[in-house]
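Basis for what follows: all heavy atoms, side chains included, without hydrogens, waters or symmetry-related copies. Order of listing sets the numbers, starting from 1, for every ligand and every atom in it.
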Amino acid sequence: MFMNSVTQNLQQVQKRIEAAQKKFGREQEPITLLAASKKQSIVKIREAIDAGLWRFGENYAQEGISKIQALSDVDLEWHFIGTIQSNKCPLIAEYFTWAHSVNSAIIAQSLNRAREIFSTPLNVCIQVNLEGSPNKAGITIDQVPKLAGLITSLPKLRLRGLMTLPEPASTLEAQRKPFRQLARLLLDLQQAGFSVDTLSMGMSNDLEAAIAEGATILRVGTAIFGERL
Ligand SMILES: *Cc1c(COP(=O)(O)O)cnc(C)c1O
């Protein structure tokens with residue numbers, strides 16, 4: 001099977017992002033491309049770095065940390081995007097700059113405690129389970145304001161916004177629906193006085209829909225790196 005290089009894939013992804021920004025009137029707004037590098041090799045990540053990427057998202061603490069160490073010769077920004085287990089909070093707080101998937105008071109407090117030895121706070125997003133599906137991580141919509149309030153009270157966490165991982169949908173309209181809900185929820189938080197600026201939403205198959213609804217961080221894996229190991 002013909003395999004594109006990471007560089008070629010990245011060009012395609014950047015074209016898709018620019019086309020969607022144009023189509024949905026978002027050319028002036030910065031959109032961050034976070035490369036979701038779970039189960040991708042160091043060789044491929046280095047290819048992505050050579051192609052200009054420097055923000056990477058990892059899902060598993062151990063795997064992420066070994067990559068962070070293997071790539072410590074480069075100045076990179078690491079985001080934790082996987083489900084956070086409480087026993088992994090110290091490692092996540094130590095090695096990562098962002099955690100996108102905070103979904104309980106206990107996790108927030110553990111991350112805050114583990115971050116105490118650092119001067120800069122950990123940037124965090126609350127993961128929202130919009131459909132309320134039992135097998136998905138994230139809190140329900142009605143629980144968001146309370147957790148947002150708690151995170152804001154913790155000195156070593158900086159609440160940046162919301163993240164979601166919706167059920168796959170096949171049409172643009174169906175893909176846009178949960179993203180629109182998340183955007184509305186961010187607006188509710190802003191109107192309630194929270195200074196939040198981040199919508200972490202959109203992956204390889206639905207990044208256009210996410211851009212249409214105001215995504216500020218896209219988490220893209222396979223469209224950049226190809227299939228995972
Ligand atoms: C794997 C993953 C992604 C990237 O998914 P792709 O479909 O490979 O683009 C984004 N966000 C999270 C939380 C992931 O686990």
Side-chain angles (χ1 to χ4, degrees), residues 3-17 19-20 31-41 44-45 47-48 51 53-65 67-68 76-85 88 92 95-104 107 111 122-131 133 135-139 160-172 174-176 178-179 182-183 198-229:
M3 292 262 288
N4 279 319
S5 72
V6 169
T7 309
Q8 287 167 319
N9 289 341
L10 180 60
Q11 281 171 356
Q12 292 304 314
V13 169
Q14 277 160 344
K15 271 192 202 146
R16 284 174 63 192
I17 294 171
I31 296 178
T32 296
L33 177 58
L34 177 65
S37 48
K38 64 167 179 277
K39 299 190 177 156
Q40 301 289 356
S41 66
K44 282 198 169 180
I45 298 174
E47 260 185 85
L53 290 177
W54 54 279
R55 295 183 179 98
F56 294 90
E58 285 288 330
N59 288 61
Y60 310 99
Q62 240 21 286
E63 180 190 334
I65 290 162
K67 288 175 183 168
I68 292 170
L76 303 172
E77 186 177 276
W78 292 93
H79 295 229
F80 194 83
I81 62 175
T83 304
I84 303 174
Q85 291 165 329
K88 295 293 180 345
I92 293 168
Y95 283 92
F96 291 82
T97 307
W98 283 68
H100 290 232
S101 38
V102 173
N103 64 8
S104 76
I107 295 293
L111 288 171
L122 181 70
N123 295 288
V124 303
C125 293
I126 295 173
Q127 183 171 358
V128 189
N129 179 354
L130 292 164
E131 292 106 340
S133 26
N135 53 353
K136 285 243 159 171
I139 60 170
R160 297 299 300 267
L162 303 171
M163 181 270 222
T164 199
L165 194 71
E167 296 290 343
S170 48
T171 67
L172 181 70
Q175 288 175 346
R176 285 180 67 163
F179 296 147
L182 198 73
T198 300
L199 282 172
S200 169
M201 58 190 198
M203 312 194 290
S204 294
N205 290 326
D206 54 15
L207 65 89
E208 284 85 359
I211 290 170
E213 299 298 342
T216 64
I217 300 183
L218 305 169
R219 308 178 312 268
V220 180
T222 46
I224 295 173
F225 296 107
E227 290 304 319
R228 287 179 269 275
L229 298 172

Please identify each residue that fulfils ring pair (Phe, Tyr, Trp, His ring centres under 6.0 Å) with F56, with sequence neighbours left out.
W78
Taking NZ, NE, NH1 and NH2 as the nitrogens, is one of them in E131 or K136 under 4.0 Å from a carboxylate oxygen of the other?
no
Show the protein residues that qualify under the rule heavy atom under 4.0 Å from an atom of ligand 1, listing them in chain and number order.
A36, K38, N59, I81, M163, L165, M203, S204, R219, V220, G221, T222, R228
Q127 side chain vs L165 backbone, donor-acceptor pair below 3.5 Å:
no
Name all residues meeting the salt bridge (Lys or Arg N to Asp or Glu O under 4.0 Å) criterion together with E213; count only those two or more places apart in sequence or in a different chain, and write none if there are none.
R176, R180
Indicate the ring-plane relationship of H79 and W98, choosing parallel, tilted or perpendicular according to the 30° and 60° boundaries.
parallel
For Q40, what residues pass the side chain to side chain contact (heavy atoms under 4.5 Å, CB included) criterion, not counting sequence neighbours?
K44, F225, R228
